[in-house]
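Let me begin by presenting the structure, written as structure tokens, before commenting on it.
Count residues from 1 along the sequence. Both ligands and their constituent atoms are indexed starting at 1 by order of listing.
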Amino acid sequence: MSLTVVGSMAFDALETPFGKTDKIVGGAATYISLSASYFVKPVNVVSVVGGDFDQDHIQLMHQLDINTEGVQVKENEKSFFWSGRYFNDMNSRETLVTELNVLGDFDPIIPASYQGCEYLMLGNLAPQVQRTVIERLTERPKLVVMDTMNFWMDIALDELKQTLKLVDVLSINDEEARQLSGEYSLVKAAKVIMEMGPQCLIIKKGEHGALLFHEEKVFFAPALPLEEVFDPTGAGDTFAGGFIGYLASTGDTSFDNMKRAVIYGSALASFCVEKFGTERLKTLTQDEIENRVQQFVNLVQFDAELR
Ligand code: AMP
């Protein structure tokens with residue numbers, strides 16, 4: 001099953017209570033494609049970088065069968081740069097710097113070899129660019145999943161709402177769900193957001209897990225209780241990559257299979273936070289992933305005799 005991923009490829013500078021990094025490779029499409037590559041091959045990426053981007057990282061993507069034909073390189077420009085600082089609870093962060101650079105006028109090109117893809121992951125990016133990608137596909141994919149963030153709700157809400165009408169699943173965090181819907185209750189927020197377009201909604205709650213909504217149904221997946229969360233950057237994107245990667249590898253978009261996909265996404269995200277940046281995602285094995293999924297199963301399994 002073919003998967004196309006669109007999103008930022010970036011340099012990030014991060015500050016967590018455990019330390020600081022100078023510019024390291026990040027970006028939504030980076031995390032999503034690394035994560036999804038453990039489920040489907042190839043993963044086709046659409047993005048843009050400057051001449052300053054890390055060539056070793058592109059090589060690594062190729063080793064993992066991530067196709068970068070759709071990644072434009074603007075030799076004389078700078079890559080997207082984002083800097084964030086985490087608070088002590090590691091669940092909330094503030095953005096210190098967003099320099100769009102090459103993303104500022106990004107005009108996505110879809111290579112012919114990507115056409116006909118069955119699964120499309122719209123990673124965090126300007127909503128009008130996300131929409132352009134859908135419009136430039138000659139056939140509508142079987143499933144379109146979209147991620148976004150408060151930054152776009154603040155500066156491009158109308159475009160965001162236009163794009164939302166075209167997608168099947170939206171993945172956002174709890175704060176963003178409240179901002180987008182104007183409702184504090186996540187159940188009410190989900191209803192409001194699903195009326196905007198997506199049939200399914202995933203609300204991520206950091207260390208408190210994730211909720212999957214569809215019609216009147218709701219499914220809860222915990223986050224794995226970890227002794228140490230080193231760096232949460234990219235956890236949401238890694239989750240999305242695992243989610244759509246699992247769906248694409250099974251070819252089943254039913255609600256029941258989406259529940260499993262949420263667990264696989266959560267398992268991949270639990271690896272991501274163990275090290276800075278993309279470090280932990282580079283060396284995963286299938287055994288490690290399956291063992292982690294088993295830990296999720298054990299975490300929520302219990303017997304109850306209903307009276
Ligand atoms: P996450 O922690 O899953 O929300 O994703 C963090 C990643 O999102 C970082 O690697 C950033 O480079 C990227 N990012 C942050 N802000 C934006 C933005 N406005 N547009 C696109 N990507 C962004």
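Atom CD of residue Gln63 and atom CD1 of residue Ile58 lie 12.0 Å apart, to the nearest 0.5 angstrom. Distance check: Leu224 CG to Phe271 CZ gives 9.0 Å after rounding to the nearest 0.5 Å.
Taking 4.0 Å as the cut-off between side-chain N and carboxylate O, Lys217 and Asp256 do not count as a salt-bridged pair. Between Arg140 and Asp168 there is a salt bridge, since a side-chain N of the basic residue sits under 4.0 Å from a carboxylate O of the acidic one. Salt-bridge annotation for Lys142 and Glu118: absent, with no side-chain N of the basic residue lying under 4.0 Å from a carboxylate O of the acidic one.
Each of the atoms 10 (O) of ligand 1 lies under 4.0 Å from some heavy atom of Tyr31. Heavy-atom proximity to Met149, at under 4.0 Å, picks out these atoms of ligand 1: 16 (N), 17 (C), 18 (C), 19 (N). Set against the non-hydrogen atoms of Arg93, the atoms of ligand 1 under 4.0 Å away are 1 (P), 2 (O), 4 (O). Shown in contact with Gly234 at under 4.0 Å from a heavy atom are these atoms of ligand 1, numbered in order with element: 1 (P), 2 (O), 3 (O), 5 (O), 6 (C). Residue-ligand proximity, Gly236 to ligand 1, at heavy-atom distances under 4.0 Å covers atoms 3 (O). Listed by number with element, the atoms of ligand 1 under 4.0 angstrom from any heavy atom of Gly26 are 10 (O). Each of the following atoms of ligand 1 lies closer than 4.0 Å to a heavy atom of Thr233: 2 (O), 6 (C). Numbered from 1 in the order shown, with element, the atoms of ligand 1 that lie under 4.0 Å from a heavy atom of Ala10 read 12 (O).
Within the 3.5 Å criterion, the main-chain N or O of Asp147 finds no donor-acceptor partner in the side chain of Asn124.
Side-chain contact check for Gln294 and Asn298: at least one donor-acceptor pair (N or O, by modelled atom type) lies under 3.5 Å. Defined by atom type and a distance below 3.5 Å, a donor-acceptor pair is present between the side-chain atoms of Asp231 and Thr233.
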For this session: Take Arg292 and Glu274 through the salt bridge (charged side-chain N to carboxylate O under 4.0 Å, His left out) test and state the conclusion after the steps.
Result: CA-CA 13 Å; Arg292 189 74 41 118; Glu274 287 178 352; 2.9 Å; yes

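Protein heavy atom nearest atom 7 (C) of ligand 1, with residue, atom name and distance: Asp237 OD2, 3.6 Å. Summary of contacts: the protein heavy atom closest to atom 20 (N) of ligand 1 is Trp152 CZ2, 3.6 Å. The protein non-hydrogen atom at the shortest distance from atom 22 (N) of ligand 1 is Ser8 OG, 2.8 Å. Asp12 OD1, 2.7 Å is the protein heavy atom nearest to atom 12 (O) of ligand 1.
Residue contacts with ligand 1 for Ala235 involve N, CA, C or O but no side-chain atom from C-beta outward (heavy atoms, distance under 4.0 Å).
The option with the heavy atom closest to atom 17 (C) of ligand 1, from among Phe80, Phe151, Phe81, is Phe80.
An N or O contact shorter than 3.5 Å links Gly27 to ligand 1 by distance.
In this structure, Phe243 and Phe239 have parallel ring planes: the angle between them is below the 30° cut-off, well short of the 60° mark.
Contact annotation: Phe11 has no heavy atom less than 4.0 Å from any atom of ligand 1. Put simply, no part of Phe239 is less than 4.0 Å from ligand 1, judged by heavy atoms.
Contacts of Gln115 classified as side chain to side chain donor-acceptor pair (under 3.5 Å), with partners at least two apart in sequence or in another chain: Thr138.
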